[in-house]
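For reference, the structure is listed below as structure tokens.
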Amino acid sequence: MSRIAQRFEQLMQSGRKALIPYLTAGDPDASFSVPLMHAMVEAGADILELGVPFSDPMAEGPVIQRAMERALEHHISLDEVIEMVRTFREHDATTPVLLMGYLNPIEVMGYEKFVNHAIDAGVDGVLLVDLPPEEADLLKKHATDRHLDTVFLVSPTTTDERIAAIADASGGFVYYVSLKGVTGAGNLDIEQVIDRVNQIKRHSDLPVGVGFGIKDAESAGRISAVADAVVVGSALVKLIEANQNSQADAIMAVKSLISSMRKEMDTISASSAA
Amino acid sequence: MAEVKKSPVDKAYNLPDERGHFGPYGGRFVSETLMAPIDELTQAFAEAMADPAFIAELDSELQHYVGRPSPLYFAQRWSEQIGGAKIYLKREDLNHTGAHKVNNTVGQALLAKRMGKKRVIAETGAGQHGVASATVAARFGMDCVVYMGEEDIQRQAINVFRMKLLGAEVVPVTAGSKTLKDALNEALRDWVTNVDDTFYIIGTVAGPHPYPAMVRDFQAIIGREAKAQIMEQEGRLPDALVACVGGGSNAIGLFYPFIDDADVAMYGVEAAGNGLETGEHAAPLCAGHPGVLHGNRTYLMEDKDGQIVPTHSISAGLDYPGVGPEHAWLKDSGRANYVAVTDDEAMQAFHTLTRIEGIIPALESSHALAYAEKLAAQMSPDQILIINLSGRGDKDIHTVAQIEGIEV
């Protein structure tokens with residue numbers, strides 16, 4: 001069983017929901033990333049989503065675009081991102097790490113080499129925004145061989161037939177993009193999210209994570225009531241950006257937001273269990 | 001005579017496949033939110049092209065609004081001066097708005113109207129596709145938003161004003177390199193946000209399926225006309241076709257109706273900028289590698305980490321790090337040849353055509369002219385070469401003046 005699957009099983013047994021914070025690797029420079037990852041776990045993160053910088057991040061809102069530009073000023077490559085995970089694993093053998101990004105850096109590295117490098121360094125899954133399952137045969141083949149989870153996205157416009165195919169291609173969990181728009185957008189509709197999460201669950205036994213547009217403890221709590229996992233990206237990246245001159249301040253700000261989300265999510269889990 | 005490669009295609013050409021692949025190229029590499037709208041678009045496009053009423057409306061617009069057919073002009077003085085092949089120019093510069101771009105925007109706007117979309121968006125580099133999109137939006141009464149890199153807005157102030165006159169909103173893009181590729185990213189972000197009421201008019205044969213095939217089919221009027229015109233004027237097919245390639249829409253428009261004519265050689269001319277060896281160019285087919293960007297797999301200008309690198313060309317319309325996936329396939333299959341000419345060579349050809357034929361060509365088209373001049377010189381006087389003169393050069397006179405240190 002993959003680390004991601006194990007983590008969801010543990011959470012289910014304890015009646016809690018997964019909190020998945022995102023950070024862009026190498027933002028604002030490489031020295032921030034591994035300490036931030038450990039800090040996120042200390043503050044209550046269950047799974048980490050590590051963004052691979054790309055020059056043309058077409059699904060990102062301005063906050064994550066700027067983070068990727070900061071990272072690319074230091075030429076942070078896919079190789080270096082994988083090395084960050086290897087370093088993280090020296091002190092954390094259990095927290096799953098998911099790489100999130102765009103296909104081209106992997107195309108250039110080669111699918112087989114990517115999967116081998118990633119698994120050997122302790123990466124657990126990969127989510128590529130511009131890779132729908134229809135085009136993912138090659139990645140799936142190598143990922144399946146080495147037990148790297150491939151997480152695919154479901155969106156507000158996904159048809160019922162596609163949901164079934166996406167769930168079938170996914171490993172670890174299914175990621176529901178909660179709004180029509182880019183990361184960090186403000187138009188989150190919780191009622192619609194509830195309907196869609198239930199729809200996905202009719203097609204799949206995999207856990208369902210929800211991301212895009214979750215920015216504070218309140219929205220994290222409300223989403224956690226209906227989903228198995230809550231993904232938080234832009235809200236955290238904004239804090240890193242605001243504290244890019246001080247690693248200690250960035251860590252403090254990030255821990256504070258994650259802790260407040262963790263607390264709200266656990267309160268809601270406890271009340272629904274009671 | 002010049003080496004003219006024979007077609008390796010042994011059966012009728014029928015690409016892309018139903019999922020938009022040209023061999024390993026093309027496809028659909030977009031975020032999940034866009035999969036449903038591109039499916040909807042694929043279906044609407046197929047239905048429209050099978051509907052005689054739609055075709056009649058498209059033909060009527062092309063004839064009365066765009067001004068088609070465009071002439072196939074025998075450049076006799078220039079041909080005699082070179083002393084090689086007979087050179088014909090397909091005069092896309094004479095279309096309404098001054099370039100081939102409008103063939104596609106008219107088609108996509110009619111499709112948008114048919115699909116009930118009231119808002120169109122477009123990306124633009126030099127502003128030509130933006131102007132062509134704003135033009136048809138005005139013609140059909142649609143809202144139009146054009147994304148344009150901040151750098152390009154500075155460089156192309158007149159086209160920005162033209163789009164505004166036509167009623168379009170021009171949105172500056174400040175992300176990344178602030179040029180065409182970033183404008184495309186921003187247009188995709190708009191589309192993903194406003195997917196219900198918005199039609200994205202992509203200006204070239206790139207993007208996710210069905211765009212490369214759809215834009216090709218709208219531009220193929222160029223090659224169909226040229227084929228009929230050369231048969232009428234010369235009684236036979238040409239020996240070679242030459243067109244410039246940025247994204248590649250004017251080239252595919254000319255090439256496509258000739259793909260099964262194995263004896264017709266095809267040359268796509270990329271922008272070598274300051275020279276391929278300097279790295280400052282926009283020639284992914286000549287000097288790039290396959291990768292995935294903007295919804296399709298194709299040749300790209302990228303670094304060893306898979307990041308897209310900045311491009312350079314004197315011609316803003318060729319200044320793009322990717323190329324249509326069908327060109328990638330035509331290159332690998334050997335059916336078409338891809339070459340590159342430098343800024344300086346293009347500038348020379350710009351002046352040559354202007355002075356010898358009294359036609360001011362776009363700097364984009366000047367790349368095709370520069371290569372054709374070399375090719376024609378190696379061919380014999382009984383051979384025929386057709387160049388796609390994709391646009392007129394009025395838009396470029398400030399650029400040319402600036403480079404040559406002349407105040408206008």
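Each chain gets a letter, A, B and so on, in the order its sequence line appears, and its residues count up from 1.
- Within the model, atoms CG of Leu34(B) and OG of Ser155(A) stand 8.0 Å from one another, a figure rounded to the nearest 0.5 Å.
- Options Pro132(A), Ala59(A), Ala185(A), Pro62(A) differ in how many heavy-atom pairs under 4.5 Å they form with chain B, and the most are formed by Pro132(A).
- Counting heavy atoms from C-beta on, the side chains of Glu302(B) and Val108(A) come closer than 4.5 Å.
- Of the listed residues Leu153(A), Leu179(A), Val177(A), the one with more heavy-atom pairs under 4.5 angstrom with chain B than any other is Leu153(A).
- We find that Arg19(B) and Glu135(A) are not joined by a salt bridge, their nearest charged nitrogen and carboxylate oxygen being 4.0 Å or further apart.
- Only the side chain of Ile166(A) comes within less than 4.5 Å of a heavy atom of chain B; its backbone N, CA, C and O stay farther away.
- Counting heavy-atom pairs closer than 4.5 Å to chain A, the top residue among Asp305(B), Leu184(B), Val292(B) is Val292(B).
- Side-chain atoms of Asp130(A) never come within 3.5 Å of backbone atoms of Ser31(B) as a donor-acceptor pair (strictly under, hydrogens ignored).
- The contact between Glu69(A) and chain B is made entirely by side chain atoms (from C-beta outward), counting heavy-atom distances below 4.5 Å.
- In this structure, Thr33(B) contributes its side chain and Lys180(A) its backbone to no donor-acceptor pair below 3.5 Å.
- The minimum heavy-atom distance linking Pro37(B) with Thr157(A) is given by the pair CD-OG1, 4.4 Å.
- With a 6.0 Å radius and a threshold of 12 heavy atoms from other residues, nucleotides or ligands, Lys117(B) has its NZ atom above the threshold.
- The stretch residues 74-87 of chain A places His75(A), Ile76(A), Ser77(A) near chain B, each with some heavy atom under 4.5 Å from a heavy atom of that chain.
- In the displayed structure, Glu18(B) atom CD is contacted under 6.0 Å by at most 12 heavy atoms of other residues, nucleotides or ligands.
- Taking all atoms of both residues into account, the shortest heavy-atom contact from Ala175(B) to Gln65(A) is CB-OE1, 3.2 Å.
- Of the atoms belonging to Pro57(A), heavy atoms from both backbone and side chain fall under 4.5 Å from chain B.
- Summarising the geometry, atom CG belonging to Leu293(B) is positioned 5.5 Å from atom CZ belonging to Phe54(A); distances are rounded to the nearest 0.5 Å.
- Neither the backbone nor the side chain of Asn194(B) comes within contact range of chain A; no heavy atom of the residue lies under 4.5 Å from a heavy atom of that chain.
- Between Met58(A) atom CE and Asp182(B) atom CG the span is 13.5 Å, to the nearest 0.5 Å.
- For the atom pair CG of Leu103(A) and CZ of Arg297(B), the computed distance is 6.5 Å after rounding to the nearest 0.5 Å.
- Considering only heavy-atom pairs separated by less than 4.5 Å from chain A, the leading option among Asp196(B), Leu300(B), Asp190(B) is Asp196(B).
- More than 12 heavy-atom neighbours from other residues, nucleotides or ligands sit within 6.0 angstrom of CD on Gln192(A).
- Take Asp56(A) and apply the salt bridge (Lys or Arg N to Asp or Glu O under 4.0 Å) test, not counting sequence neighbours, and it matches Lys181(B).
- Contacts of His289(B) with chain A are absent, with no heavy-atom separation under 4.5 Å from either backbone or side chain.
- Taking 4.0 Å as the cut-off between side-chain N and carboxylate O, Arg162(A) and Asp39(B) do not count as a salt-bridged pair.
- Counting heavy-atom pairs under 4.5 Å between each of Gln307(B), Lys304(B), Arg28(B), Arg189(B) and chain A puts Arg189(B) at the top.
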